[in-house]
Amino acid sequence: MTTLTRSRLSFSQSVNYMVNRAFEHLDLPPGLKEQIMACNSVLQVQFPVRLDNGEYRTFTAWRAVHSDHRVPVKGGMRFAPHVRQDEVMALAALMTYKCAIVNVPYGGAKGGLLISPRDYSDEELERITRRFARELISKGYIGPAVNVPAPDMGTGPREMAWIADTYKEMHPDELNYFASVTGKPVANGGIRGRTEATGRGIQYVLREFFRHPEDVKMADLTGDLDGKRIVIQGLGNVGYHAAKFLSEEDGAKIVAIIERDGVIMNEKGLPVEAVKAYLTEHDSVQGFPGAAYDTDGAKGLELACDLLILAALEAQVTLDNVDNLKTSLVVEAANGPVTFDADTRLRQRGVVILPDAFVNAGGVTVSYFEWIKNLSHIRFGRMARRLDEQHGKRVIEALELMTGKKVPDEFRADLMLQTDELALVRSGLDDTMREAYQEISEARHRTNEVLDFRTAAYYVALKKITRTHLDMGV
Ligand code: GLU
């Protein structure tokens, strides 16, 4: 992955400057803007953990609550060697706007632990995660009604299960303990479709984008996703699923994959599943059969392509490289991959940017479904699945009886579609992303000046957040 490039602004300043552009289109009582942009609280904790060799080590971690205009507040837990307080605050702010954009009724939060997870054994990571969770739970920074973490960079279902279990130990009489964290393993309070949710969400947004010919034209493109040349940075959970779905289901070609140790390229398209397996085995993309390789990953961002999907870290497109980008559509699958200055430059050039706070909101959307499942203590579809199946069968029988002909297979499959948990999660996610696209589109065209996607997305978020403040009081 490319290294962080220095920007004149911090990450949270960069987010605030972007949000500020949307405020210019709102007429608000003086002072409300400052309240909305402020980070409500940040907890820093330092705690010791005994390592396998008997040594003690002190860890530093944060949980920031950007806005509790809605509770619980929601956001991932990042375990990474570059985590800083400002980063956690910026990511918490993005969560506030993200939830509002996709109509998920939460405030924004984020957690970060300064650690390089690969330097620790699984047993050590479990002790560290549980100890961090105890710190947050005892201080009111985790709980089903107050603050609900989820996976982010460096964490996954395993860490979420440890957090849920720690919460249960500390609150043995809390019936809803599973709802204290989302992104858990499916067998332990999780929901089907959560792991791939952010990648799926990106696919659904892009499909919707290509249903709007006027937007497609703005990005100097034509047609649909079929055959589009994609460069993707980052083959972690988000990048892998997005690239896999877009290439396997929509016919897009992944012509380059940028990873920590360089970039691999193939004009005919890279097989995402095989690259991921290779990366897992070799901890590197170098040497992947049938692909050209360059150690300079950053150069990969400058390859000519139809879509550039940024699914790695923040601040990847900066003033240092923005003028070298050769794409007209940038997709922010990661949080904050384009700095404020670079964003300004890209907009001036007419490059279309599908912004993080909208495009990667699939994760928190399915987290919301998981939280509801945990609170209702029943799997979605459990009551209705067989009834739906029976209904479908009867419709087919009736049609065949009335027409004397067999219902063609493609209709039969649709009529017999089982409304199980995964089908419902996908339907809910697709609907959420498409509805948000429509709301953003309306906001873009509400005046003579057509707004860019980011400003319009923030405008949509701010409208809802200010409404809550004005109705409920601050
Ligand atoms: N970490 C993810 C994000 O940045 C998911 C957050 C959640 O599910 O609460 O959106």
Side-chain angles (χ1 to χ4, degrees), residues 11-12 15 62-68 70-80 83 87-113 136 141-144 146-157 159-160 163-164 178-185 189-191 193-202 205 234 236-239 241-242 310-314 331-337 354-374 425 428-429 432-433 436 457 461:
F11 188 3
S12 50
V15 171
W62 298 266
R63 182 105 180 136
V65 174
H66 172 259
S67 172
D68 49 17
R70 284 271 159 88
V71 280
V73 293
K74 191 86 187 76
M77 290 285 225
R78 177 170 284 202
F79 288 8
V83 173
E87 177 181 341
V88 176
M89 287 163 69
L91 293 164
L94 280 174
M95 286 308 303
T96 298
Y97 306 121
K98 193 182 298 192
C99 291
I101 291 165
V102 290
N103 295 312
V104 163
Y106 298 135
K110 200 77 171 199
L113 169 66
L136 295 182
Y141 272 74
I142 293 183
V146 286
N147 197 325
V148 182
D152 198 81
M153 194 180 290
T155 61
E159 286 73 16
M160 301 307 116
I163 296 173
F178 263 150
S180 62
V181 54
T182 59
K184 301 177 293 295
I191 195 166
R194 173 63 186 87
T195 304
E196 65 270 33
T198 312
R200 269 279 170 231
I202 289 161
V205 170
N237 180 41
V238 176
H241 283 109
L310 302 167
L313 281 173
E314 53 266 22
V331 182
E332 294 186 329
N335 290 310
L354 294 174
D356 46 10
F358 165 45
V359 92
N360 73 30
V364 75
T365 300
V366 178
S367 276
Y368 171 48
F369 300 158
E370 178 177 333
W371 184 74
I372 294 178
K373 173 188 179 178
N374 294 152
V425 163
L429 177 60
T432 301
M433 302 313 281

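Start at 1 and go down the list; that is how both ligands and their atoms are numbered. Below, each value reflects all heavy atoms present in this structure, side chains not excepted, and no hydrogens, waters or symmetry copies. When a residue number appears, it is its place in the shown sequence, counting from 1.
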Y97 and H66 have their tightest heavy-atom pair at OH-CE1, 3.7 Å
Looking only at side-chain N and O atoms, does S367 offer a donor or acceptor that is under 3.5 Å from a partner on R194? yes
- Message: Strictly distance-based, threshold 3.5 Å: is any side-chain N or O of D356 a donor or acceptor partner for the main-chain N or O of N335?
- Response: no
In this structure, CE of M160 is separated from OG1 of T182 (nearest 0.5 Å) by 8.0 Å
Ordered by chain then number, the protein residues lying under 4.0 Å from ligand 1 by heavy atom are K74, G75, G76, M95, K98, K110, A150, P151, D152, R194, N335, G363, V364, S367
Please say whether more than 12 non-hydrogen atoms of neighbouring residues, nucleotides or ligands are located less than 6.0 Å from OH in Y368.
no
Salt bridge (charged side-chain N to carboxylate O under 4.0 Å, His left out) filter on E332, not counting sequence neighbours, yields R454
